[in-house]
Amino acid sequence: MTERELEILALLKQDPLIPQQNIADHLGISRSAVAGHIMNLTHKGVIKGKGYILAESRYAIVIGGANMDILGRPLHTLQVGDSNPGSVTCSPGGVGRNIAENLARLGSETHLISALGKDTYGQMIMTQCQQAGIDMKACIHLDEFATSTYLSVLDGDSDMHVAINDMAILDRLSVAVLKTHEEVLRRAELIIVDANLSAESLEYLLSNFSDRPIFVDTVSCAKAKKIKPFLSSVHTLKPNLKEAEQLSGININSHEQLPELANWFHSQGVKRIFLSLGCDGVFYSDEGLQALIPAMPVSMVNANGAGDAFLAGLAHGWIQQWTTEESTQFAMGAAVVALSHLATINPNMSEITVKRVIKESLC
């Protein structure tokens with residue numbers, strides 16, 4: 001949908017009986033232009049019949065970590081074992097939460113299931129997520145646990161040098177809690193999970209909802225191992241090369257071996273795999289369709305969050321029913337947008353911004 005159609009759709013969701021002239025006045029366009037956009041929305045199946053009856057929404061559910069990210073950035077080359085002049089910033093993060101915020105900012109309806117403490121960080125995360133348009137009703141709030149924190153220190157090249165995470169609260173996102181949301185999970189267009197979840201929760205989700213497309217972020221080598229017994233239930237997997245090598249037992253010495261690696265995952269039941277190769281780009285494999293797409297040029301400000309933006313881009317492409325190639329290009333553009341801002345989530349993230357980045361990279 002175009003940006004104008006999204007604006008009109010938002011007004012119709014607020015008031016399905018709003019007159020076209022009121023929409024025109026609100027957006028500063030002519031009534032005939034509004035009528036044209038509404039006709040386009042009708043042809044696309046978003047509006048059904050008279051009275052602006054909206055088609056049932058296609059939404060994603062993200063289940064995973066929600067942290068407060070504390071980021072240390074040195075002014076110059078990082079001096080290990082010494083105090084470094086620099087800056088320290090705080091912003092909401094967490095793999096699942098990051099994916100959800102990026103996805104919502106891209107324009108897809110997004111629900112988040114996570115665990116938060118009843119503390120200052122938890123309230124900050126709630127506020128920003130709601131402002132970004134994420135449905136937070138399924139999150140649990142706990143008195144006895146602190147909200148997750150993720151402490152990272154960048155090196156002089158703005159890449160991560162070291163990080164520590166405190167995510168004990170996420171273990172409270174148990175199977176019993178997830179079962180209370182079974183109905184909304186059944187109706188989701190897709191389910192996105194990160195490997196920060198407990199093994200029991202991952203088993204429940206991947207064993208009981210494999211009729212839905214399940215997208216999985218492996219998070220790290222240590223946590224990716226929890227996914228291995230359930231690869232047959234994974235629709236879309238996004239590991240980096242080290243994580244993929246650990247899961248498969250296949251070591252890659254050249255890009256020519258990437259199809260072999262991807263085919264191993266297909267043999268386990270994974271329908272689509274997107275291998276992050278860092279500065280070398282992304283290799284994707286979708287049951288026979290395989291390609292290596294070079295990385296887009298970017299002036300990196302912060303490496304944190306790029307992978308989360310990439311998976312959000314893939315999910316947005318799935319909801320928009322784009323091809324795998326289109327979705328991959330869009331996801332890479334979303335990662336570039338994320339890399340270009342100091343905060344974990346670039347507040348300028350949107351479908352329009354990503355498409356502009358892609359267009360500029362082709363010039």
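In terms of hydrophobic clustering, with Ile, Leu, Val, Met, Phe, Trp and Tyr side chains grouped at heavy-atom distances under 4.5 Å, Tyr204 and Leu173 are assigned to a common cluster. Residue Met126 is grouped with residue Ile99 when hydrophobic side chains (ILVMFWY) are merged at heavy-atom distances under 4.5 angstrom, including chains of intermediate members. Linking ILVMFWY residues whenever their side-chain heavy atoms come closer than 4.5 Å, directly or via other members, leaves Leu197 and Leu311 in distinct clusters. A single hydrophobic cluster is not seen to contain both Ile293 and Ile273; linkage of ILVMFWY side chains at heavy-atom distances under 4.5 Å, directly or through other members, places them apart. In terms of hydrophobic clustering, with Ile, Leu, Val, Met, Phe, Trp and Tyr side chains grouped at heavy-atom distances under 4.5 Å, Met167 and Ile113 are assigned to a common cluster.
For Glu183, the CD atom sits in a loose shell: 12 or fewer heavy atoms of surrounding residues, nucleotides or ligands are nearer than 6.0 Å. The local environment of OH in Tyr121 is sparse, with at most 12 non-hydrogen atoms from other residues, nucleotides or ligands closer than 6.0 Å. Within 6.0 Å of the CZ atom in Arg212, the count of heavy atoms belonging to other residues, nucleotides or ligands exceeds 12. In the displayed structure, Met39 atom CE is contacted under 6.0 Å by at most 12 heavy atoms of other residues, nucleotides or ligands.
The closest side-chain donor-acceptor pair between Ser198 and Ser201 falls under 3.5 angstrom. Side chains of Thr127 and Gln123: a donor-acceptor N/O pair is present below 3.5 angstrom, by distance only. For the residue pair Thr236 / Arg272, a side-chain donor-acceptor distance below 3.5 Å is found, with atom types taken as modelled.
Residues Ser285 and Ala262 share a closest heavy-atom pair of CB-CB, 3.5 Å. Heavy-atom minimum distance, Ile319 versus Ala60: CD1-CB, 4.0 Å. In this structure, Ile169 and Gly117 approach most closely via the heavy-atom pair CD1-N, 3.4 Å. For Met300 against Asp159, the heavy-atom pair with the smallest separation is CE-N, 4.3 Å. Contact detail for Pro294 and Met332: the closest heavy-atom pair is O-CE, 3.1 Å. Across all non-hydrogen atoms, the minimal contact from Gly333 to Val354 is C-CG1, 3.7 Å.
For the pair Arg73/Val301, a side-chain contact is recorded, criterion being any heavy-atom separation below 4.5 Å from C-beta on.
Applying the side chain to side chain donor-acceptor pair (under 3.5 Å) rule to Arg186 yields the partners Glu182; only residues at least two apart in sequence or on another chain are considered. Under the salt bridge (Lys or Arg N to Asp or Glu O under 4.0 Å) criterion, Asp82 pairs with no residue, sequence neighbours left out. For Glu245, the salt bridge (Lys or Arg N to Asp or Glu O under 4.0 Å) test picks out no residue, with sequence neighbours left out. Taking the salt bridge (Lys or Arg N to Asp or Glu O under 4.0 Å) definition, one finds that Arg105 meets it with Glu101, sequence neighbours left out. For Asp119, the side chain to side chain donor-acceptor pair (under 3.5 Å) partners at least two apart in sequence or on another chain are Thr147. Applying the side chain to side chain donor-acceptor pair (under 3.5 Å) criterion to Lys226, with sequence neighbours excluded, gives no partner residue.
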TODO: List the steps and the verdict of side chain to side chain contact (heavy atoms under 4.5 Å, CB included) for Ile134 and Leu103.
DONE: CA-CA 9 Å; Ile134 303 171; Leu103 188 54; over 6 Å; no
Review point. What's the verdict on side chain to side chain donor-acceptor pair (under 3.5 Å) for His266 and Glu287, showing C-alpha distance, side-chain angles and the deciding distance?
Key: CA-CA 7 Å; His266 292 319; Glu287 296 184 303; 5.7 Å; no
### Query
Yes or no on side chain to side chain contact (heavy atoms under 4.5 Å, CB included) for Val177 and Arg172, after CA distance, side-chain angles and deciding distance?
CA-CA 8 Å; Val177 170; Arg172 315 315 293 179; over 6 Å; no
_Asn240 vs Ser276, test: side chain to side chain donor-acceptor pair (under 3.5 Å). Steps then yes/no._
CA-CA 4 Å; Asn240 62 28; Ser276 174; over 6 Å; no
Evaluation steps, side chain to side chain donor-acceptor pair (under 3.5 Å), between Thr323 and Glu325: CA-CA 5 Å; Thr323 67; Glu325 183 178 3; 5.5 Å; no
Discussion item. Working note: Ile214 + Val234, criterion side chain to side chain contact (heavy atoms under 4.5 Å, CB included); need CA distance, chi angles, decisive distance, verdict.
Written reply: CA-CA 6 Å; Ile214 299 179; Val234 175; 5.7 Å; no
| Going through the distances and angles, do Tyr150 and Ile70 end up as a side chain to side chain contact (heavy atoms under 4.5 Å, CB included)? | CA-CA 6 Å; Tyr150 179 84; Ile70 304 171; over 6 Å; no
Item to complete: Would you please test Glu203 and Asn208 for side chain to side chain donor-acceptor pair (under 3.5 Å) and show each step?
Response: CA-CA 8 Å; Glu203 180 180 8; Asn208 290 278; over 6 Å; no
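In terms of modelled atom types and a separation under 3.5 Å, the side chain of Asp135 and the main chain of Lys137 share a donor-acceptor contact. Remark: the backbone N or O of Ser220 is not paired with any side-chain donor or acceptor of Thr218 at under 3.5 angstrom. For the pair Ser114 (side chain) and Gly64 (backbone), a donor-acceptor distance under 3.5 Å is present. One N or O on the side chain of Ser340 and one on the backbone of Val336 form a donor-acceptor pair closer than 3.5 Å. A distance-only check finds no donor-acceptor pair linking the side chain of Ser108 to the backbone of Ala104 [under 3.5 Å]. When atom types are taken as modelled, the side chain of Asn346 and the backbone of Val337 share a donor-acceptor pair closer than 3.5 angstrom. No donor-acceptor pair under 3.5 Å is formed between the side chain of Gln268 and the backbone N or O of Phe265. Within the 3.5 Å criterion, the main-chain N or O of Met124 finds no donor-acceptor partner in the side chain of Gln128. Put simply, the side chain of Ser233 gets close to the backbone of Leu206: a donor and an acceptor are under 3.5 Å apart.
Just one of Asp217, Asp308, Asp194 meets the salt bridge (charged side-chain N to carboxylate O under 4.0 Å, His left out) condition when paired with Lys238; it is Asp217. With Trp318 as the fixed residue, the side chain to side chain contact (heavy atoms under 4.5 Å, CB included) test singles out one of Thr324, Ile192, Leu190: Leu190. The residue from Asp69, Asn102, Asn98 that alone fulfils the side-chain hydrogen bond (donor to acceptor under 3.5 Å, both in side chains) condition with Thr344 is Asp69.
In this structure, CD in Glu7 is found 8.0 Å from CG in Leu11, a value given to the nearest 0.5 Å.
Between Phe283 and Phe274, the ring centre distance reaches or exceeds 6.0 Å. Aromatic pair His235/Phe215: centroids less than 6.0 angstrom apart.
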